[in-house]
Novice: 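The structure under discussion is supplied below as structure tokens; questions concerning it will follow.
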Amino acid sequence: MSGLISLMIIIPLIGAILTFLTRTRGQARIVAILASGLSLVLSLLLFMRFDSSIPTIQFGESYVWISSLGINLKFGLDGIGLPLVLLANIIIPLTIIFAWGETKQANRFYGLILLEQVGVLGVFTSLDFFVFYIFWEVVLIPMYFLISIWGGPRKDYSAIKFFIYTHVASLVMLLAIFSLYFNALSITGTPNFDIFHLLKNYQVMDGWLIQDIITLKDAIFLALLFGFIVKMPAVPFHTWLPDAHVEAPTAGSVILAALLLKMGGYGLFRIILPILPYSDSHGILISLMAIIGVLSILYGTFLALAQRDLKKMVAYSSISHMGFVMLGAAALIPLSVSGAMYQQFSHGLITGILFMSCGVIQHSAGTRIIGDLGGIAKHMPRLTFLMLAGFLASLGLPGMSGFIAEFLVLVNSYFTLPTFVILALFGIVFTAGYHLWAMQRAVFGTYNQKLGHIHDIASYEMVSMSVLVLLVIFFGLNPGPVLNMMTTNAEQLLEFVVLRGVIT
Amino acid sequence: MSYLLLLPELLLISLALVIVLLGLMISDRSKNLLGYLSAGGLLASIVFILAIKGEGSFFYDAFVVDPLSQIFKLIFAVVSLLAVIASVTYFKGSRNQDEYYALLLLATVGMMVVASANDLVALFVGFELASMATYVLAGFEKRNPASLEAALKYFVIGSLSSALMLFGMSLVYGITGYTSIPGIIEFFTTNPQAATGAINIVAMLFLVAGFAFKMALVPFHMWAPDTYEGSPTVVSALLAAGSKKMGFVAAFKVLVLALVAMRADIQLAFAVLAVVTMTYGNIVAISQRSIKRMLAYSSIAQAGYISLAFVAITPEMSQMAIGGGILLALGHALMKGGAFIAVAVVGYMVLSDNRNVKNTDDLEHFAGLGKRAPITAFAMLVFLLALAGIPPSAGFIGKFVIFYSITVDAVIQASGWMLFIVIVAILNSALSIYYYARVIRYMYVLPPAGERIKEPTPYVVAIVLALIGTIGIGVYPEPFIQMAMDAAKVLGV
Amino acid sequence: MPSNAFFDNYLPIAILTVIGFVFVAVSLFMSRIVRPSNMTKEKLTTYECAEVPVGDTRIHFNIQYYMIVIVFLIFDVGILFLYPWAVQLKNLGAPGFFQMVIFIEILIIGLAYAWRKEALEWTQ
Amino acid sequence: MADLYSYLLVAIIIFTIGSYGIITQRSGIKILMCIELLLNAANINLVAFSSFNGSATGQVFALFSIAIAAAEAAIGFAILIALFRIRDTINLDNINILRW
Amino acid sequence: MWTGDTMTNAYELIVNILTAIGVYDQIYNLFEIFGMAYVLKILIVSVLIAVLFAFVLVTVMFLTWMERKVVALVQVRYGPMVTGPRGLLQPVMDGIKLIGKEDIIPAKADRWIFTLAPFIVFVPALLIFIPIPFGNSLIISDLRVGLLYIIAISAVSPIAVLLAGWASNNKYSLLGAMRAVAQDISYTIPLALAAIAVVIFTGSLSTVDIVNAQGDYWFGIIPKWFIFLQPIGFVLFLIASIAELGRIPFDFQESESELVAGFFTEYSGMKFAMFFLAEYAHLFAVSGIVVTLFLGGWNGPVIPFIPVQITSLVYFLIKTYAVIFFTMWLRDTVPRMRIDQLLNIGWKIMVPLALLNLLVAGFLVTAGVI
């Protein structure tokens with residue numbers, strides 16, 4: 001059944017254009033929800049038809065685009081991409097529902113969200129490096145607008161910082177793509193931008209980038225890795241994230257955290273892992289990745305602990321959670337890798353709840369500073385419930401999806417990276433700490449009278465948050481459908497690891 | 001060898017003369033017609049360029065028609081078409097429209113002659129025809145001191161550059177005894193020892209200086225910001241988008257082709273020029289409040305990117321690099337042309353608010369443009385993003401190919417300085433987003449300063465054409481890449 | 001001393017130039033010896049129709065002078081191209097003639113333009 | 001007496017004078033004259049080379065460049081006149097409203 | 001004995017004559033011994049030039065006398081009669097007077113340029129004579145670009161006029177100079193265009209070739225002068241020449257009644273004399289050129305037993321003086337025009353006419369009619 005994927009991408013695109021053209025808020029949001037909902041339906045269709053027992057690309061589509069450069073519009077899904085596509089298609093409609101009440105330039109707002117969906121879906125489905133790169137870049141523009149138009153007080157600064165920071169990373173990645181492409185071209189003689197084709201030819205690459213300092217392979221690897229970890233983001237390239245999150249509107253934060261960060265992780269699995277064993281100094285590179293992963297976990301945790309702003313805290317918690325993805329990937333054990341993939345999926349859902357909570361609190365109470373809040377549970381019981389669920393999921397309560405992911409990562413990574421795992425465990429403890437402490441200070445306790453009378457969560461907000469909570473619980477109890485396909489692919493990814501003797 | 005191939009140029013020349021004559025006869029009020037007439041002529045010549053296939057050489061081989069010339073002719077004709085369409089509104093009611101359009105067409109023809117020149121004489125004549133017409137165009141608002149000042153600066157530096165170029169050409173002629181480019185090549189291939197003389201370096205320096213003035217490479221750029229800012233906006237569009245490319249095609253022809261024997265020297269010289277140019281352009285652009293000036297500096301930066309093509313003329317990547325240069329030139333013509341026309345719309349809008357505003361292109365007038373002039377604002381958004389190299393746009397494709405070739409060159413040669421250039425180019429590319437985004441912020445984030453206006457139809461047509469081109473090349477670049485590569489093949493380094 | 005026709009032909013010019021300058025110089029010098037020199041302030045003032053000179057001499061000129069100069073420049077250079085053509089016309093045949101017809105027609109259009117734009121009018 | 005280098009020397013001297021003038025002079029007219037000097041230096045080169053190479057191309061080139069120089073001068077004058085009319089100066093130091 | 005062959009120029013003529021006499025080889029050997037053969041050449045050329053120079057000076061003097069006589073003739077009076085037979089020595093007296101005159105340089109004048117101007121006006125006036133064929137073989141130097149040379153050299157005089165006018169620091173001088181220049185350059189165009197029409201027929205810029213081309217006869221009677229082929233060209237050239245000279249009816253550079261004396265108002269003494277000399281030298285040269293281009297030059301019926309050099313010189317002088325007489329006659333009978341009329345005629349009638357004439361001539365030659 002080919003054509004489904006491109007249809008799934010085109011529908012939000014058309015929806016976005018239509019949304020831009022609508023005149024009233026009502027029309028805009030209806031068109032937006034319809035488009036994104038249709039896309040969700042298609043992805044569910046894909047999900048159901050997906051055969052999770054085989055690791056190969058399914059639903060492949062290919063259209064000639066720029067034949068002289070060997071660029072094709074090539075789409076396809078496997079166990080790495082499909083869960084994220086699903087995630088994207090879940091998050092976007094829920095975000096739209098959450099932002100049902102948006103009044104400021106509503107048509108543009110919804111349109112940009114749909115464009116974001118187009119970009120993200122494109123990244124997760126395209127199998128041509130050029131196309132991948134284009135979608136990768138396209139994602140930036142709507143997000144720039146989301147932040148700079150609907151953002152907070154320092155929106156200009158953070159929007160441009162976000163844009164430039166990630167753009168530089170993309171360009172560095174582009175250089176690596178150039179080298180991969182040229183390498184494949186000089187070996188096979190035919191131009192082709194197919195991701196797998198390029199990655200396969202990476203294996204037979206040779207030469208120095210700078211004589212006796214860094215080989216070409218390592219340089220390419222590092223350039224690609226740089227492109228992805230900035231997006232993820234991993235310490236020390238994370239500084240754009242807190243700014244962007246804090247200033248972005250809630251919907252923007254949700255999309256940013258739940259989807260944009262996942263693009264980095266996706267790149268890790270799609271591109272970094274297949275070439276990792278073939279790089280010239282894979283030992284060092286693996287350690288590097290593991291260090292980055294653990295550093296992100298710990299650094300994110302400690303900074304989260306120190307934050308006074310609830311949203312900033314959530315943002316730093318994202319960094320720490322994405323550290324698990326890195327760690328799991330670096331461990332190179334099938335189950336740790338699939339755990340990392342699952343962490344991506346699960347974190348997408350959970351972080352949605354967290355940012356939505358922050359948004360609701362900001363909206364109702366007028367502040368997100370933890371010290372200024374307090375005791376809002378009395379006035380906002382429904383929010384409190386949903387928020388608590390989200391926080392518990394985030395700190396890894398068993399029964400929630402986050403637990404499964406982190407558990408898989410930690411347990412399996414221990415085989416290859418024991419030291420790092422032990423360090424990461426500290427992070428886990430503190431994660432629980434800051435989540436609960438923040439909850440306790442902000443939501444429970446005595447009511448801060450300065451806040452005045454505050455309303456509870458609105459119905460549309462509640463709908464989207466509840467759905468997310470339900471999904472978190474569902475995937476916590478029943479990870480099978482998603483996890484299976486991930487494991488299939490992870491196993492296939494790691495077949496060669498032993499062959500190459502990367503890990504013993 | 002069909003003389004039909006000369007049709008585009010002949011058509012435009014005769015049209016220019018006809019417009020001069022018509023302008024003498026018809027009343028001032030009906031002179032608006034001349035704009036439509038020249039637009040029609042340019043459209044026809046575009047059709048001819050695309051439709052009449054074939055190659056040929058004319059006038060004792062001084063003038064060749066080949067893929068290289070055709071793609072640049074296309075660029076020039078398209079840019080002029082945009083400028084003409086926009087001018088219909090910009091110069092509406094002006095008494096001197098006949099001269100304006102005639103000069104504009106002559107400038108186009110001059111650029112086309114440069115594109116087709118196969119002989120230094122023809123090259124020089126075409127160069128000067130275009131230059132002189134644009135000197136006058138730049139100072140066309142003769143009651144406006146800024147316009148005249150722009151013209152004067154442009155004239156002084158432009159004619160200085162012509163003089164340098166002529167001197168360089170005279171030296172080349174002295175060394176080789178030929179003025180025809182194939183003759184020069186033949187001389188250098190049959191006398192390799194002649195290629196090493198110090199006089200060659202001098203000759204080349206003069207030529208590079210001459211061309212670099214037109215291309216606005218640092219340090220030969222001084223005229224560009226002043227001229228672009230002071231000139232009538234539609235003329236700035238022509239200058240930035242058209243006549244700058246003329247410098248590039250001349251440089252492609254002469255430097256790459258004729259002085260092939262001294263390639264290594266060119267490479268390093270252009271590497272330095274390119275890096276300095278793009279960095280300077282981008283950094284200075286940040287501090288500009290006049291949009292025209294900002295676009296001028298951005299144009300300087302873009303010239304830096306394009307001249308990376310000269311850096312990558314190694315045997316492996318030359319075709320790719322030059323193809324990329326041509327592609328970026330094509331893209332830049334559309335984006336920059338469109339952007340300047342968008343600025344013209346803003347100028348129109350500002351003046352219709354208040355007739356006495358002096359700096360109609362100030363950044364503050366862009367506030368809330370998304371509300372006031374949605375089509376213009378959206379187009380400007382696309383142009384700016386394209387200039388920044390965001391896909392899918394013409395700017396991206398061009399940059400993609402150029403960066404590709406230079407990266408690969410750096411990799412193949414494992415050459416440190418080339419790698420450095422790549423990194424500088426990337427940082428520049430990111431830096432440029434900063435000032436483009438500022439305009440975007442003004443247009444879409446800040447509140448509007450006035451009511452929504454009705455954008456004049458000719459402007460909209462021009463902008464939409466440029467928009468379609470910019471996005472079209474980005475979305476379906478295949479034929480353009482083919483054209484550019486065919487063109488680069490002509491140079492056959 | 002290169003002995004070719006070129007230098008033979010232009011030698012007289014050089015000699016005549018020298019002689020001409022010498023002649024003028026000598027005659028000026030001669031007169032200096034002979035003539036009286038009795039300068040007064042009045043003699044040294046410029047003549048202005050029997051009036052005391054008024055104002056500055058370096059006045060602004062009518063723009064028409066410049067117009068004429070510019071038009072002249074263009075035509076003069078146009079003529080530059082006509083001379084080689086005229087010499088070779090018999091060898092060039094019909095194509096040469098018609099190419100130059102185009103050239104001359106452009107000149108005529110230019111003249112018509114200047115005429116119509118009143119660049120040739122002395123009084124405006 | 002008159003070998004190629006003499007001509008080239010003259011050309012270079014003229015060229016140097018022209019360049020010097022362009023750098024030091026501030027009057028528009030003088031700069032215009034200096035530019036003409038540069039062009040004429042190139043013309044001398046062309047004609048000298050033409051004579052010594054035994055090909056007429058250089059002379060033809062010089063002819064074209066003379067014509068172009070004339071047109072350029074005409075345009076330069078026109079711009080200067082127009083500027084003088086509204087600014088009352090052609091001193092390049094005073095013509096500076098376009099600045100960043 | 002020398003037989004009267006045609007030589008390329010006067011130098012060859014002299015050499016030929018000397019050879020015929022039988023002294024040249026001895027003289028040449030004499031110089032050869034000292035290795036200075038070229039000095040001989042320079043010597044001979046210098047002698048020739050001296051002859052030319054003397055001829056020009058005498059002619060100029062004669063012309064000033066003639067001018068007065070012609071004016072007198074027209075006005076039915078005698079003119080100068082006192083000095084010499086029929087006042088023939090009047091120019092000499094003039095010269096003596098001018099030498100003795102005070103040479104005033106106005107206080108505010110630019111002294112250097114003021115002094116330079118007479119040089120620059122006088123020398124080119126002499127230089128024009130170089131390629132003028134006074135007769136068969138009687139030419140100083142037959143330049144291949146003779147006609148172009150003449151036009152180029154005569155274009156120097158406006159510069160001198162401008163220098164003179166500007167340096168004087170007198171409003172009338174400056175105005176006169178500006179007018180003179182405007183007029184000069186305006187009429188250079190039709191002048192040069194009319195000359196081109198002749199070149200089309202001859203295919204050569206050499207004055208000797210041009211004269212030779214007019215040597216034949218139609219039907220054995222009508223001389224093949226270009227005046228018959230180019231009547232319009234002739235008229236244009238003549239009018240333009242007179243305008244270039246600044247003679248009445250085109251004497252705006254002086255216009256005594258308006259601008260006192262034009263650009264040389266402030267000049268006196270020998271400097272004034274130089275302008276004066278240059279003007280008349282120019283008059284003669286221009287007339288000679290008119291004769292060369294349109295009136296068959298030195299061509300005329302061959303008279304047996306007299307060397308062709310002598311007859312041709314006579315023919316040339318006769319024709320030239322006829323033209324000069326015509327200009328003087330014109331001066332006395334036609335009123336001065338207004339300057340706008342002058343420019344109108346120049347640009348709006350003569351230039352288009354000259355261009356058309358050129359096209360017609362080109363067409364005739366291309367079509368092979370002539």
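When reading the values below, keep in mind they use all heavy atoms of this one structure, side chains included, and skip hydrogens, waters and symmetry mates. Order of the sequence lines sets the chain letters (A, B, ...), proteins ahead of strands, with each chain counted from 1.
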Novice: Counting only heavy atoms not in B:Arg289, do more than 12 sit closer than 6.0 Å to its CZ atom?
Specialist: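 More than 12 within 6.0 Å, yes.
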Novice: Could you look at D:Leu8 and say if it's the side chain, the backbone, both or neither that has a heavy atom under 4.5 Å from chain B?
Specialist: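 Looking at D:Leu8, nothing touches chain B.
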Novice: What part of D:Ser50 lies closer than 4.5 angstrom to a heavy atom of chain B: side chain, backbone, both or neither?
Specialist: both
Novice: Can any side-chain N or O of B:Tyr173 pair as donor or acceptor with the backbone N or O of D:Gly58 at less than 3.5 Å?
Specialist: yes
Novice: Using a 4.5 angstrom heavy-atom cutoff, name the option from D:Gly76, D:Ala48, D:Ala74, D:Ala78 with the most pairs to chain B.
Specialist: D:Gly76
Novice: Quick check: closest heavy atoms across B:Ser170 and D:Ala42, and the distance to 0.1 Å?
Specialist: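 In this case the closest contact between B:Ser170 and D:Ala42 is CB-O, 3.8 Å.
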Novice: With a 4.5 angstrom heavy-atom cut-off, which part of D:Leu83 approaches chain B: side chain, backbone, both or neither?
Specialist: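 Contact with chain B is through both the backbone and side chain of D:Leu83.
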Novice: Which atoms of B:Tyr178 come close to chain D, meaning under 4.5 Å heavy atom to heavy atom: side chain ones, backbone ones, both, or neither?
Specialist: neither
Novice: Output, in order, the C-alpha distance, side-chain angles, deciding distance and verdict of side-chain contact (heavy atoms from CB on, under 4.5 Å) for D:Phe15 and B:Leu164.
Specialist: CA-CA 9 Å; D:Phe15 190 86; B:Leu164 294 182; 3.5 Å; yes
Novice: Using a cut-off of under 4.5 Å for heavy-atom pairs, which of D:Leu32, D:Ile79, D:Leu37, D:Leu38 has the most such pairs with chain B?
Specialist: D:Ile79
Novice: Taking all non-hydrogen atoms of both residues into account, name the closest pair between D:Ser55 and B:Gly177 and its distance.
Specialist: OG-O, 4.3 Å
Novice: Would you please indicate yes or no on a ring centroid separation below 6.0 angstrom for B:Phe155 and D:Phe77?
Specialist: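 Not close enough - the centres of the two rings lie 6.0 Å or further apart.
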Novice: Which of residues 61-68 of chain D have a heavy atom under 4.5 Å from any heavy atom of chain B?
Specialist: D:Phe61, D:Phe64, D:Ser65, D:Ile68
Novice: Could you state the interatomic distance from CD1 (D:Ile75) to CD (B:Glu128), rounded to the nearest 0.5 Å?
Specialist: 9.0 Å
Novice: Could you give the distance from CD1 (D:Ile31) to CG (B:Leu160), rounded to the nearest 0.5 Å?
Specialist: 9.5 Å
Novice: Where does B:Leu171 contact chain D at under 4.5 Å (heavy atoms): side chain, backbone, both or neither?
Specialist: both
Novice: Could you tell me which portion of D:Ile22 (side chain, backbone, both or neither) has an atom closer than 4.5 angstrom to a non-hydrogen atom of chain B?
Specialist: side chain
Novice: What distance separates B:Leu166 CG from D:Leu46 CG, expressed to the nearest 0.5 Å?
Specialist: 5.5 Å
Novice: Is B:Leu129 in contact with chain D via its backbone, its side chain, both, or neither, using a 4.5 Å heavy-atom distance?
Specialist: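 For B:Leu129, no heavy atom lies under 4.5 Å from chain D.
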Novice: Minimum heavy-atom separation for B:Ser159 and D:Ile35, please, with both atom names.
Specialist: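 Heavy-atom minimum between the residues: OG-CD1, 3.1 Å.
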Novice: Heavy-atom distances under 4.5 Å only: say whether B:Asp119 touches chain D with side chain, backbone, both or neither.
Specialist: neither
Novice: Tell me, for D:Leu39 versus chain B, whether the close heavy atoms (under 4.5 Å) come from the side chain, the backbone, both or neither.
Specialist: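 Both parts, backbone and side chain.
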Novice: More than 12 foreign heavy atoms under 6.0 Å from CZ of B:Phe187: is that the case here?
Specialist: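 Yes, because the 6.0 Å sphere around CZ of B:Phe187 holds more than 12 heavy atoms from other groups.
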Novice: So what's closer than 4.5 Å to chain B heavy atoms on D:Leu80: side chain, backbone, both or neither?
Specialist: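 Side chain only.
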